[in-house]
Amino acid sequence: MFRALVLKLAGWSPIERLVTRSFLFRSLVKRFIAGEDLDTALRIGEEYVDKGFLVSMDLLGENVETTEEADRETNTYLKMAEMIAASPSKDRMNISVKLTALGLDLSDEVAEANYRKILTATKDSDIFVRADMEASEYTQRTVDIIDRLFKEFKNCGTVLQSYLLRTSEDVAHMIELGARVRIVKGAYLEPAEVAHQEKYRVDEQYVEQAKTLLRHGNYPAIATHDLRIVEQLKQFIKEENIASERFEWQMIYGVRRDLQRQLLEEGYNVRIYIPYGAAWYPYFSRRLAERPANLFFILKSLFQK
């Protein structure tokens, strides 16, 4: 109910205008969005690398409607790849893309061709480029694109969302394929026909799927800010004697920085997901809507170092 309410409110034009234009929200947005231009975002990314973190750069924006828009987004990612390849931090930085920003609403062929351009540009530099997972209508299409491209590009992978009913099968499929997976709970508003609606059930699925990936996956990314789940998985990692170099934790820029530092100090690989760009409003709304605790995290984070 909370997620549905927040997402519906966020979809109202007056709410969007209030959040995007009011000075009251500027400091809050700045805390969780790493600027609107690539130079600023990369500078912030390099600062995190200097502190010992890994980084994933993400240009915010999705659901382009024309080939010209898809070409523009693709060219921005190509520029990002070029700048990362020239950076002394390149071995600790990767890229996240949204296939709808590359033209998935136009056709699978357009999005796949643009993703292929980015993978080709990053292959020799060994820069990993992950296709983020979007709403459930795109899940199978995204999996299919990864299936086709992974044969040629081992630097591609994707994200799976634990709240979807199908995800355990997708986890098994990606393990068999050998592709890298980021496991998340899921942030879109989905019906009961395709997604678990109860928080406890989503949490159960997340933990079980994370354990499967930790046992059998190819360098999985365990993406969560939920301290209870972190502690539960740390105990599992200890019991199973899973080496820290076999996986990484992933956390969002600006959220639970105390936990980010704690995990890093404990010797884990910790990657910070750094979103930037002018089209930040949908991303920001989904972070608030994921569950009530995220609103608490965001408000509390304003007062944490």
Side-chain angles (χ1 to χ4, degrees), residues 3 54 56 94 96 98-99 128 130-147 150 156-252 255-256 259 263 268-271 273 286-287 289-291 293-294:
R3 182 168 69 242
L54 305 166
S56 183
N94 65 33
S96 292
K98 283 187 172 57
L99 293 182
F128 180 68
R130 191 187 305 274
D132 283 344
M133 190 61 74
E134 303 179 65
S136 61
E137 64 193 275
Y138 301 108
T139 302
Q140 188 60 53
R141 297 168 66 191
T142 300
V143 168
D144 290 343
I145 287 173
I146 296 297
D147 275 345
F150 189 75
C156 77
T158 193
V159 180
L160 297 177
Q161 303 171 110
S162 289
Y163 69 169
L164 296 182
L165 304 181
R166 60 174 287 165
T167 298
S168 291
E169 294 180 4
D170 288 332
V171 166
H173 176 68
M174 287 296 162
I175 289 172
E176 181 180 5
L177 184 65
R180 286 167 58 177
V181 169
R182 176 199 299 143
I183 188 72
V184 302
K185 290 185 182 180
Y188 294 86
L189 185 60
E190 301 285 3
E193 290 76 14
V194 299
H196 298 289
Q197 304 298 303
E198 304 88 353
K199 178 186 178 302
Y200 80 90
R201 185 60 175 157
V202 176
D203 288 356
E204 288 176 351
Q205 291 298 293
Y206 183 91
V207 170
E208 289 307 309
Q209 290 156 5
K211 287 179 177 179
T212 299
L213 287 164
L214 286 165
R215 280 196 189 103
H216 307 296
N218 174 18
Y219 193 69
I222 311 302
T224 182
H225 305 99
D226 189 323
L227 180 58
R228 182 183 59 82
I229 287 179
V230 168
E231 293 299 331
Q232 191 172 348
L233 291 176
K234 282 168 60 177
Q235 182 62 33
F236 173 79
I237 290 162
K238 181 179 179 180
E239 291 171 354
E240 296 289 316
N241 196 29
I242 296 171
S244 61
E245 62 267 19
R246 284 177 48 192
F247 70 97
E248 67 185 31
W249 301 99
Q250 287 198 6
M251 305 186 78
I252 293 171
V255 178
R256 290 307 305 267
L259 184 55
L263 290 170
Y268 293 107
N269 294 327
V270 182
R271 189 176 302 274
Y273 181 90
R286 287 196 297 272
R287 298 291 76 74
E290 281 176 337
R291 61 192 184 98
N294 278 0

Query raised in the report: For the side chain of Gln205 and the backbone of Lys185, is there at least one donor-acceptor N/O pair under 3.5 Å apart?
Result: no
Report task. Give the minimum heavy-atom separation between Ser136 and Val194, together with the two atoms involved. Result -> OG-CG2, 3.9 Å
Query raised in the report: Is a side-chain donor or acceptor of Arg182 paired with a backbone partner of Ala131 at a separation under 3.5 angstrom?
Result: no
Query - Side-chain H-bond candidate by donor/acceptor type, Gln235 with Glu231, under 3.5 Å - result: no
Query raised in the report: Hey, is the main chain of Val207 close enough, under 3.5 Å, to the side chain of Gln209 for a donor-acceptor pair?
Result: no
Requested in this report: Enter the distance from Asn269:CG to Tyr219:OH here, rounded to the nearest 0.5 Å.
Outcome: 4.0 Å
**Report entry** Atom of Ile183, atom of Ser162 and distance for their closest heavy-atom approach
**Finding:** CD1-OG, 3.5 Å
Query raised in the report: Are any side-chain N or O atoms of Gln161 and backbone N or O atoms of Glu134, one a donor and one an acceptor, separated by less than 3.5 Å?
Result: yes
Report summary line: Minimal heavy-atom distance between Glu248 and Arg271, with the atoms involved, is OE2-NE, 2.7 Å
Report summary line: CD (Glu137) and OH (Tyr188) are apart, to the nearest 0.5 Å, by 10.0 Å
Query raised in the report: For the side chain to side chain contact (heavy atoms under 4.5 Å, CB included) test, which of Met133, His173, Met174 pairs with Val181?
Result: Met174
Requested in this report: Kindly compute the distance separating CG (Asp203) from CD1 (Ile229), expressed to the nearest 0.5 Å.
Outcome: 4.0 Å
Query raised in the report: Which atom pair, heavy atoms only, marks the closest approach of Ala187 to Tyr163?
Result: N-OH, 3.6 Å
Query raised in the report: CG of Leu54 to OG of Ser56: how many Å apart, nearest 0.5 Å?
Result: 10.0 Å
**Report entry** Whether Asp132 side chain and Lys98 backbone form a donor-acceptor pair below 3.5 Å
**Finding:** no
Query raised in the report: Is any side-chain heavy atom of Trp249 less than 4.5 Å from a side-chain heavy atom of Lys234?
Result: yes
**Report entry** Closest non-hydrogen atom pair, Gly157 against Ile146
**Finding:** O-CD1, 3.4 Å
Report summary line: Smallest heavy-atom separation, Ala179 atom then Cys156 atom, equals CB-O, 4.5 Å
Query raised in the report: Hey, does Tyr206 have a side-chain heavy atom less than 4.5 Å from the side chain of Leu233?
Result: yes
**Report entry** Ile222 CD1 to Leu214 CG distance, which is reported to the nearest 0.5 Å
**Finding:** 4.0 Å
**Report entry** Tyr268 (side chain) donor-acceptor with Phe247 (main chain) under 3.5 angstrom
**Finding:** no
Requested in this report: For residues 167-176, pull every pair meeting salt bridge (charged side-chain N to carboxylate O under 4.0 Å, His left out), keeping only residues two or more places apart or in separate chains.
Outcome: Arg166-Asp170
Query raised in the report: Considering only heavy atoms from C-beta outward, does the side chain of His196 approach that of Leu165 to under 4.5 Å?
Result: yes
Query raised in the report: Does any N or O in the side chain of Arg130 come within less than 3.5 Å of the main-chain N or O of Thr158, such that one atom is a donor and the other an acceptor?
Result: yes
**Report entry** Thr212: side-chain contact (heavy atoms from CB on, under 4.5 Å) partners, not counting sequence neighbours
**Finding:** Val171, Ile175, His216
